[in-house]
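Inspection log for the structure reproduced underneath, given as structure tokens.
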Amino acid sequence: MDTPPVRQGQWLGSPWTRGPAAALAGAVPALAFPAPSWWWLAYVALVPWLLLVRSAPTWRRAALDGWLGGTGFMLAVHQWLLPSLHVFILVLALLLGALWAPWGVLVRALLGGAPPAGGAAREGSARTAPGGAPADGRRRVTGGRCAAVLVLVPSGWLMVELVRSWEYLGGPWGLLGASQWQVPPALRLASIGGVWLLSLLIVAVNTAVAELIARPAARLPAVAGLLVCALAAGAAWFWAPVPRITGTVRVAVVQPGPTGPPSARLARGEALTRSLAGHGVRLIVWGESSLYKDPADHPALAARLAALARQTGADLLINADSPQAGRPGISKSAVLIGPDGPTGDRYAKMRLVPFGEYIPFRSVLGWATRVGKAATSDRVRGTRPVVMPVATAGGLRIGPLVCFESAFPDMSRHLVRDGARVLVAQSSTSTFQDSWAPAQHASLAALRAAETWRPVMHATLTGISAVYGPRGEPIGERLGTDRSTAAVYDLPLAEGTSPYTRFGDWAVYGAVGALLLAGGYAGLRALSRRPARGRR
């Protein structure tokens, strides 16, 4: 039996209850991400939202349900920004949530929408109109149609993720596939198709479950779809290629913790670094904004850092949030310090955090600084990625990323293709110390490691710092937000090129192709059904 129609007066029939229900349904998937990390919830978290959108009485209502659900999702995964942006976070969530409005229309079209009044008859027994379509507006449930639903609904979701991943719209924070950062079979899939493939799989499972609930006549195709998803994950786990481990390098992370002014932070960082002498460390990484002066422009500071490098026998990768001589403005730069001082290798952050490090269209949106802690001045963007050789580690080539950039799959992939054998993300989430943000940010390193077959060091000022091996597996201890310490890691190095590194975002291209083919097919069918001009 199909789902009964929603009558006016029932709670889902009222816009005053349906709107909040859509927003709450959209917020549910946020629980799959850290800090809760209920990763298993991701596979059914979209079902209430899908069922709600499916029951929309009109296309406009389906678009609104998609918009409000998207708004709830964006608010939930970015709730830690509330103390900084205040009411402006609602404005941003509404703007980005609108990306899900077309997805809502797509869901209603593919999952059948709400049947018309009196349409509770068994599917397949309805009268048919000329051309084979049911006369009451419902669609027959066929294996081909269900297969199309299981491909197109996830593809539509992926287009939303792709658009909102643009750095100027906030970047890829909270991609659904990233919720699986601690699941080994999922990480194996990420090495094949990146986080995008995981998102497709998760939405496909949710769609199949929604079909089972809403349309019992689709039971066999939906179960078949679930089996295909399970077999794909199983096949990836057993037969997908894995990186070849070729040795280890000893590295360290310095996490000074919340230490007050920059001078106190520097003093604590120096003391922790000195404690690493004699441990055989070859690279020591400090967090983002660990310095507010550029060592290249301050000889005394450069000499202090070089002395640390000599004492520990390791190169230091620090991060300077400061002006650079000869360049206007302030940039965030990863700077490599050797026993003789700055090596000349530096990388300036290319992708800045909207409102945190710059305000887009400041002349229009500059009022955000009056209602929250938005950037009072814009940081200067770097121009190119950089791969740095670490002399004390035998020329080991590292690829630095700064904070937010670890969320972008394409940046780590580019660095690995340029020869990086270790990815290093320097971060600082001290503003959001007691929120879900530090845990979620640290989890992204596991995805980047699995995608590229390269170990990732996620080093922060105040936690959470973490290190992951070439398969995304955790290495050593995880430094929480309550720690002020230095930690040593024996980092496994790997050779080989992962399928994702080699072939890139093929899952995204496949989703685009599927939607284009479906759109073309629907257009041709519509043209073929149009009566010929002049026909009476």
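Below, all heavy atoms of this structure are taken into account, side chains as well, without hydrogens, waters or symmetry copies.
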Should the pair Trp173 and His78 be assigned to parallel (<30°), tilted (30 to 60°) or perpendicular (>60°) ring geometry? tilted
Any sub-3.5 Å donor-acceptor pair from [X]'s side-chain atoms to [Y]'s backbone N or O?
| X | Y | value |
| --- | --- | --- |
| Ser199 | Gly177 | yes |
| Arg108 | Ala56 | yes |
| Thr429 | Gly463 | yes |
| Thr501 | Thr497 | no |
| Asn206 | Ala45 | yes |
| Gln426 | Leu317 | yes |
| Glu288 | Ser428 | yes |
| Arg448 | Ser412 | no |

According to salt bridge (Lys or Arg N to Asp or Glu O under 4.0 Å), who are the partners of Asp321, at least two apart in sequence or on a separate chain? Arg379
Contact check, side chains of [X] and [Y], non-hydrogen atoms, under 4.5 Å:
| X | Y | value |
| --- | --- | --- |
| Pro455 | Val467 | no |
| Pro34 | Trp39 | no |
| Pro172 | Glu161 | no |
| Asp505 | Tyr500 | yes |
| Val251 | Val285 | no |

[X] side, atom [atom1]; [Y] side, atom [atom2] - distance, nearest 0.5 Å:
| X | Y | atom1 | atom2 | answer |
| --- | --- | --- | --- | --- |
| Lys349 | Arg381 | NZ | CZ | 9.5 Å |
| Ser406 | His458 | OG | NE2 | 6.0 Å |
| Leu175 | Ser165 | CG | OG | 4.5 Å |
| Leu444 | Phe408 | CG | CZ | 10.5 Å |
| Ile398 | Leu415 | CD1 | CG | 10.0 Å |

Using the test ring-ring contact (aromatic ring centres under 6.0 Å, His included), find all partners of Tyr43 that sit at least two apart in sequence or belong to another chain. none
Salt bridge (charged side-chain N to carboxylate O under 4.0 Å, His left out) contacts in which one or both residues fall within residues 405-420, not counting sequence neighbours: Arg351-Asp410
Hey, mind stepping through Phe73 and Trp100 against ring-ring contact (aromatic ring centres under 6.0 Å, His included) and telling me if it holds? CA-CA 10 Å; Phe73 178 75; Trp100 274 272; 5.7 Å; yes
Trp67, CH2 atom: more than 12 neighbouring heavy atoms under 6.0 Å: no
Can you confirm whether more than 12 heavy atoms, excluding those of Trp237, are under 6.0 Å from its CH2 atom? yes
Under a 4.0 Å threshold between the charged nitrogen and the carboxylate oxygen, would Arg346 count as salt-bridged to Asp294? yes
Just by distance, no angles: are the side chains of Thr462 and Arg265 close enough, under 3.5 Å, to form a donor-acceptor pair? no
Less than 3.5 Å apart, any donor N or O on the side chain of Ser465 or Thr460 sitting next to an acceptor on the other? yes
